[in-house]
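Comments concern the structure below.
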There are 2 protein chains.
Amino acid sequence: MQRAFDDEIQILEAHLKLQGLNRSSRRDLVVFTFLSSNKHLSVDDLYALVRRKSPAIGRTTVYRTLKLLENAGLAQALALKGETRFEHVLNRRHHDHFICNGCGAIFEFSSDEIEALQEEEARRIGFRIDGHKHQIFGQCGKCLGSGGGAR
Amino acid sequence: MQRAFDDEIQILEAHLKLQGLNRSSRRDLVVFTFLSSNKHLSVDDLYALVRRKSPAIGRTTVYRTLKLLENAGLAQALALKGETRFEHVLNRRHHDHFICNGCGAIFEFSSDEIEALQEEEARRIGFRIDGHKHQIFGQCGKCLGSGGGAR
DNA sequence: CTTCATGCAAATACTTTGCAAGGGC
DNA sequence: GCCCTTGCAAAGTATTTGCATGAAG
């Protein structure tokens, strides 16, 4: 089931080695579960998924593994209101998020033009961009259609 | 000292009336202190500022007033990592933030072109934009100059 | 005098950390 | 055997809520 996450695993192993850490079956389970999902998972989302496969795992391990992935550059935390969600970051260009206030759905998009404009602006103020988080809130088509538009 | 915040107060009063709430000296103090600052304040920042003028105020009141301002559409919360900061929102167009990972400084900018591109993208997926938060992380010129660039 | 405002303390959430036990090399 | 990994419980933070008191209309 765990498709080709070779690139991710390679990066993870390099990071682990660098830190004098190891892989483990539980660590792997959390990692693969995370990588297998294409959603933006909260800690508890991931915890629940992982628990289905291995109920003995503790929430702490999920927290720790997610932090590990973050440090390895494989996951990025999105600080939403009230909760933190994580998304993959490997081989993905900077991208932005549309977040529906109605149903919570998250749509991604990326625009070279926006990226370029950001860079231009950054250059103007002498800022070096390392990353960005761009969240656009509103109502998705589905919610607009089902009365959300009258909100 | 509290310059012309007429617009803000008008909106606030409308919101209060709508909710059956009132102004009060403490509420006002928090509100004016918030409005007088041009920074992106955390709850504790504002709490500290307010305390200087009136040490008897409780942290709870600051939380509550900030939430009030948020609901009235006068303040917007930025969910930074580990802390929430608030900024003014009245009469301000959507704008973006450069956040320095080195010194924590926040620079604002706004770009009509980026706004337009967002709208275009939103239209494409049938999304109605209500607001957005755009945070660009990196190193500011000052931090780059003082060795931060070698990070 | 009824309702709102407020501080304090308690209650929640979310996340991290200490520690003892288990596992991998 | 040594060090890393992990679960549990405890400790931290950040924020909200319950409640009794005080203020406002």
Side-chain angles (χ1 to χ4, degrees), chain A residues 9 12-34 40-72 75-86 104, chain B residues 9 12-34 40-72 75-86 104:
Chain A
I9 295 308
L12 178 62
E13 292 211 308
H15 180 75
L16 290 173
K17 174 171 286 182
L18 205 61
Q19 310 284 310
L21 306 177
N22 309 311
R23 288 174 67 177
S24 77
S25 61
R26 300 193 166 182
R27 200 110 93 187
D28 275 5
L29 176 59
V30 177
V31 169
F32 283 121
T33 304
F34 175 73
H40 296 75
L41 300 172
S42 68
V43 173
D44 271 2
D45 290 339
L46 184 54
Y47 179 56
L49 286 175
V50 158
R51 280 224 137 187
R52 278 196 222 151
K53 305 184 197 162
S54 178
I57 284 188
R59 189 179 256 99
T60 308
T61 298
V62 177
Y63 271 103
R64 288 195 269 229
T65 305
L66 239 12
K67 177 148 295 185
L68 190 66
L69 287 168
E70 199 177 5
N71 291 336
Q76 180 168 83
L78 303 188
L80 274 321
K81 169 147 201 164
E83 69 179 345
T84 302
R85 293 191 181 201
F86 292 82
Chain B
I9 295 308
L12 179 62
E13 292 211 308
H15 180 75
L16 289 173
K17 174 171 286 183
L18 205 62
Q19 310 285 309
L21 306 177
N22 308 311
R23 289 175 65 177
S24 76
S25 61
R26 298 191 169 184
R27 200 108 94 186
D28 276 5
L29 176 57
V30 177
V31 169
F32 284 122
T33 304
F34 176 73
H40 296 75
L41 299 173
S42 67
V43 174
D44 271 3
D45 290 339
L46 184 53
Y47 178 56
L49 287 176
V50 158
R51 280 225 135 188
R52 276 196 223 152
K53 304 183 196 163
S54 177
I57 284 189
R59 187 179 256 99
T60 308
T61 297
V62 178
Y63 271 102
R64 290 196 268 230
T65 306
L66 239 11
K67 178 149 294 181
L68 191 66
L69 287 168
E70 198 177 5
N71 292 335
Q76 180 170 81
L78 303 188
L80 272 324
K81 169 147 202 164
E83 67 177 345
T84 303
R85 292 193 184 200
F86 293 81

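Sequence lines set the chain letters: A, B, ... in the order given, protein chains first and strands last, and positions in each chain run from 1.
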Distance in Å, H40(A) NE2 paired with L80(A) CG, rounded so as to fall on 0.5 Å steps
9.0 Å

Rounded distance (Å) that lies between atom C1' of dA9(C) and atom CZ of R59(B)
13 Å

Between atom CG in L80(A) and atom P in dT15(D), what is the gap in whole Å?
15 Å

How far does CD of E70(B) sit from CD of Q76(B), to the nearest 0.5 angstrom?
8.0 Å

Please state how far atom CG in D28(B) lies from atom P in dC4(C), giving the value in whole angstrom units.
18 Å

So if I take every side-chain heavy atom of K67(A) and compare against dT15(C), dT16(C), dT6(C), which nucleotide ends up nearest?
dT16(C)

Residue pair L66(B) / T84(B), side-chain heavy-atom distance below 4.5 Å
no

Do R59(A) and Y63(A) have side-chain N/O donor and acceptor atoms under 3.5 Å apart?
no

Expressed in angstrom and rounded to an integer, what is the separation of I57(A) atom CD1 from dC8(D) atom P?
11 Å

Rounded to whole angstrom units, what separation is found between the NZ atom of K17(B) and the P atom of dC4(C)?
15 Å

When rounded to whole Å, the OH to P distance for the pair Y47(A) and dT6(D) reads 14 Å

Hey, is the side chain of Y63(A) poking within less than 4.0 Å of OP1 or OP2 on dT15(C), counting only N and O atoms?
yes

Without decimals, in angstroms, what is the distance between L16(A) CG and dT6(D) P?
10 Å

Please report, rounded to the nearest Å, how far the C1' atom of dT6(C) is from the CZ atom of R51(B).
13 Å

Reading 5' to 3' through nucleotides 18-25 of chain C, protein heavy-atom contacts under 4.0 Å coded B for base, S for sugar-phosphate only, - for none
B-------

Check ion pair K81(B)-E83(B) (N to O, under 4.0 angstrom)
no

Using only heavy-atom distances, determine whether the side chains of S25(A) and D28(A) contain a donor-acceptor pair under 3.5 Å.
no

